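Predicted model, so just to flag it, every value in this text is computed and none were measured. In listed order, ligands and their atoms are each counted from 1.
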Amino acid sequence: MEYKEPFGVKLDFESGIIENAKKLVRKLSDMKGYYVDEEAYEKLLKEDPIIYEVYAVEQEEKDGDLNFATTVLYPGKVGSEFFMTKGHYHSKADRAEVYFALKGKGGMLLQTPEGEARWIPMEPGTIVYVPPYWAHRTINTGDEPFIFLALYPADAGHDYGTIKEKGFSKIVVEENGEVVVKDNPKW
Ligand code: M6P
Ligand code: ZN
């Protein structure tokens, strides 16, 4: 039997950076069609801001193993809709996930394949359990970076297709200075 080598890595709580992790950057231009207000999207595209960065430590896609990643989700809005991650189901749909909020303010939008949605507010210390089969997207509702750690099975995979086409049944917007979760007019 050949055993994998255990390791420890350092996560910087301030920046969300995990040392030696693989870094992924998602800019606004990577998210065409994701935000409801297309005019506001096109306008902001001239600046093409970074929406979020992911620092991932991933293993081979085998069952039993675990991946982990931090996400640094920047504050901002496209129209009235808060900056958010793309959101995904897992390719192996029955794989669960756990999120742990480290910094900033936000929440998670979850959805079943039938379009039943939930909103879970998150602040530092909040642990969110993402059950099997639920799509999940995180949203920054504050004015500083929203940073969290996620742990997920190494063979979960990311299925972006359904969300890219249809979005979530709910959107999270600012209305009169309040965070409002409302029906997605494009759903
Ligand atoms: C978390 C995890 C990652 C995911 C990232 C960004 O860190 O769930 O697997 O990649 O958030 O979310 P998305 O892939 O939906 O853009
Ligand atoms: Zn996931």
Side-chain angles (χ1 to χ4, degrees), residues 9 11-13 15-35 41 48-76 78 81-113 117-120 122 124 126-141 145-172 184:
V9 284
L11 155 63
D12 183 279
F13 285 118
S15 64
I17 296 171
I18 300 174
E19 65 177 3
N20 301 323
K22 196 179 74 188
K23 182 181 180 183
L24 176 89
V25 179
R26 295 254 196 246
K27 300 178 90 175
L28 187 68
S29 53
D30 298 314
M31 298 186 73
K32 192 172 171 57
Y34 278 87
Y35 292 90
Y41 177 88
D48 199 11
I50 292 174
I51 309 294
Y52 59 105
E53 291 155 341
V54 180
Y55 296 89
V57 177
E58 296 191 324
Q59 308 298 322
E60 259 183 89
E61 285 196 21
K62 287 186 179 155
D63 69 333
D65 215 341
L66 285 173
N67 291 340
F68 56 90
T70 49
T71 300
V72 180
L73 177 53
Y74 290 98
V78 178
E81 199 175 6
F82 291 106
F83 280 9
M84 60 192 185
T85 57
K86 286 186 168 184
H88 58 272
Y89 289 95
H90 289 147
S91 308
K92 285 208 167 80
D94 66 352
R95 298 308 196 247
E97 184 163 354
V98 168
Y99 279 60
F100 179 55
L102 300 167
K103 203 173 183 223
K105 185 174 159 252
M108 188 188 291
L109 202 53
L110 297 100
Q111 176 167 306
T112 65
R118 298 281 187 278
W119 169 246
I120 314 268
M122 294 168 72
T126 306
I127 300 168
V128 180
Y129 167 61
V130 181
Y133 301 105
W134 287 77
H136 39 290
R137 157 183 289 165
T138 38
I139 297 168
N140 186 342
T141 57
F146 174 40
I147 302 175
F148 50 87
L149 174 72
L151 301 123
Y152 47 104
D155 65 345
H158 295 84
D159 171 8
Y160 291 106
T162 317
I163 299 299
K164 187 176 166 48
E165 277 159 37
K166 286 196 74 184
F168 280 71
S169 61
K170 302 278 182 189
I171 56 171
V172 182
N184 179 355

Next on the checklist: Can you list every protein residue that has a heavy atom under 4.0 Å from any atom of ligand 1, sorted by chain and residue number?
Outcome noted: Tyr52, Val54, Ala69, Thr71, Thr85, Lys86, Gly87, His88, Glu97, Tyr99, Ala150, Tyr152, His158, Tyr160
Item to check | Proximal heteroatom of His88 relative to the Zn ion (ligand 2) (N/O/S) | outcome: NE2
Next on the checklist: To make sure I understand the geometry: which N, O or S atom in His90 is closest to the Zn ion (ligand 2)?
Outcome noted: NE2
Checklist entry - Going from OG1 on Thr70 to NZ on Lys103, what distance comes out if it is rounded to the nearest 0.5 angstrom? => result 12.5 Å
Checklist entry - Is Arg137 positioned over the aromatic face of Tyr160, cation under 6.0 angstrom from the ring centre and no more than 45 degrees off axis? => result no
Item to check | Evaluation steps, ring-ring contact (aromatic ring centres under 6.0 Å, His included), between Phe148 and Tyr99 | outcome: CA-CA 7 Å; Phe148 50 87; Tyr99 279 60; 5.2 Å; yes
Checklist entry - Can you name the closest pair of heavy atoms from Tyr35 and Phe83 and give their distance? => result OH-CA, 3.7 Å
Checklist entry - Do Tyr74 and Glu53 meet the criterion of a side-chain donor-acceptor pair at a distance under 3.5 Å? => result yes
Next on the checklist: Any donor-acceptor pair under 3.5 Å linking the side-chain atoms of Asp159 with those of Ser91?
Outcome noted: no
Checklist outcome for this item: Angle subtended at the Zn ion (ligand 2) by His136 NE2 and Glu97 OE1, to the nearest 10 degrees, is 90°
Checklist entry - Near Glu19 CD, under 6.0 Å, is it more than 12 heavy atoms from other residues, nucleotides or ligands? => result yes
